[in-house]
Amino acid sequence: MSLRGIARDTPLAAACAVALLADSFIEGSAQSHPFAAVALSIAACVPLVWRSSHPLAALVASMLGLIACAAVLRTGNGSVAVALVPAYS
C-alpha cells in the first residue's frame, strides 16, 4: 500500500463525506438523527481512502455504507454522486 495513494484519496473521501452530510441535512432527513448522519456518512466514505490499492473492497464497502445511508437518512443525489466515485475510478 503506497502512502501516495492514501494521501491522494483522503481529501476525496473527506469531500464525499461532506457531500453526504450536506445532502442529508439539506433534505432535512438528518435533523432528527444528526449523530447517525455523521457516523453513516463517515462509514460510507472511509473505504474510499483505499480505492487505489484495494478498489474492489473499497467499492463493496462504500456501497454497503451508502445503502445504509439511503435506508436511514433517505439521501438522494448526494449518495449517487458518492457511488460514482469508486465505480468509475
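We count residues from 1, following the sequence as given.
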Colleague: Rounded to the nearest 0.5 Å, how far apart are CZ of F25 and CG of L73?
Modeller: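 Result: 8.5 Å between the selected atoms.
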
Colleague: Who passes side chain to side chain contact (heavy atoms under 4.5 Å, CB included) against V38, sequence neighbours left out?
Modeller: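 Scan of V38 (side chain to side chain contact (heavy atoms under 4.5 Å, CB included), adjacent residues dropped) gives L21, I42.
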
Colleague: S62 side chain to P47 main-chain N or O, any donor-acceptor pair under 3.5 Å?
Modeller: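 Judged by distance alone, no pair lies under 3.5 Å.
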
Colleague: Looking at every non-hydrogen atom in both residues, tell me the closest pair between C69 and S41 and how far apart they are.
Modeller: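 Scanning both residues completely, I find the closest heavy atoms to be SG-N, 4.0 Å.
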
Colleague: Tell me whether L20 shares a hydrophobic cluster with V46, the cluster being built from Ile, Leu, Val, Met, Phe, Trp, Tyr side chains joined at under 4.5 Å.
Modeller: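 They do not share one cluster, since no chain of ILVMFWY contacts under 4.5 Å joins L20 to V46.
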
Colleague: What's the separation between atom NE2 in H33 and atom CG in L40, rounded to the nearest 0.5 Å?
Modeller: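 Rounded to the nearest 0.5 Å, the NE2-CG separation comes out at 10.0 Å.
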
Colleague: Mind checking the CG-OH spacing from L59 to Y88? Nearest 0.5 Å is all I need.
Modeller: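 Here the rounded value is 11.0 Å.
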
Colleague: Go through the steps for R8 and L12 under the test side-chain contact (heavy atoms from CB on, under 4.5 Å), then give the verdict.
Modeller: CA-CA 7 Å; R8 183 181 53 215; L12 178 67; over 6 Å; no

Colleague: Under the side-chain hydrogen bond (donor to acceptor under 3.5 Å, both in side chains) test, which residues partner S79, sequence neighbours left out?
Modeller: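 Checked S79 against side-chain hydrogen bond (donor to acceptor under 3.5 Å, both in side chains); matches are T75.
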
Colleague: Measure the spacing between SG of C45 and CZ of R51 and express it to the nearest 0.5 Å.
Modeller: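 Between C45 SG and R51 CZ, I get 12.0 Å after rounding to 0.5 Å.
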
Colleague: Rounded to the nearest 0.5 Å, what's the gap from OG on S53 to CG on D9? Could you check?
Modeller: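 The OG atom of S53 sits 8.0 Å away from the CG atom of D9.
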
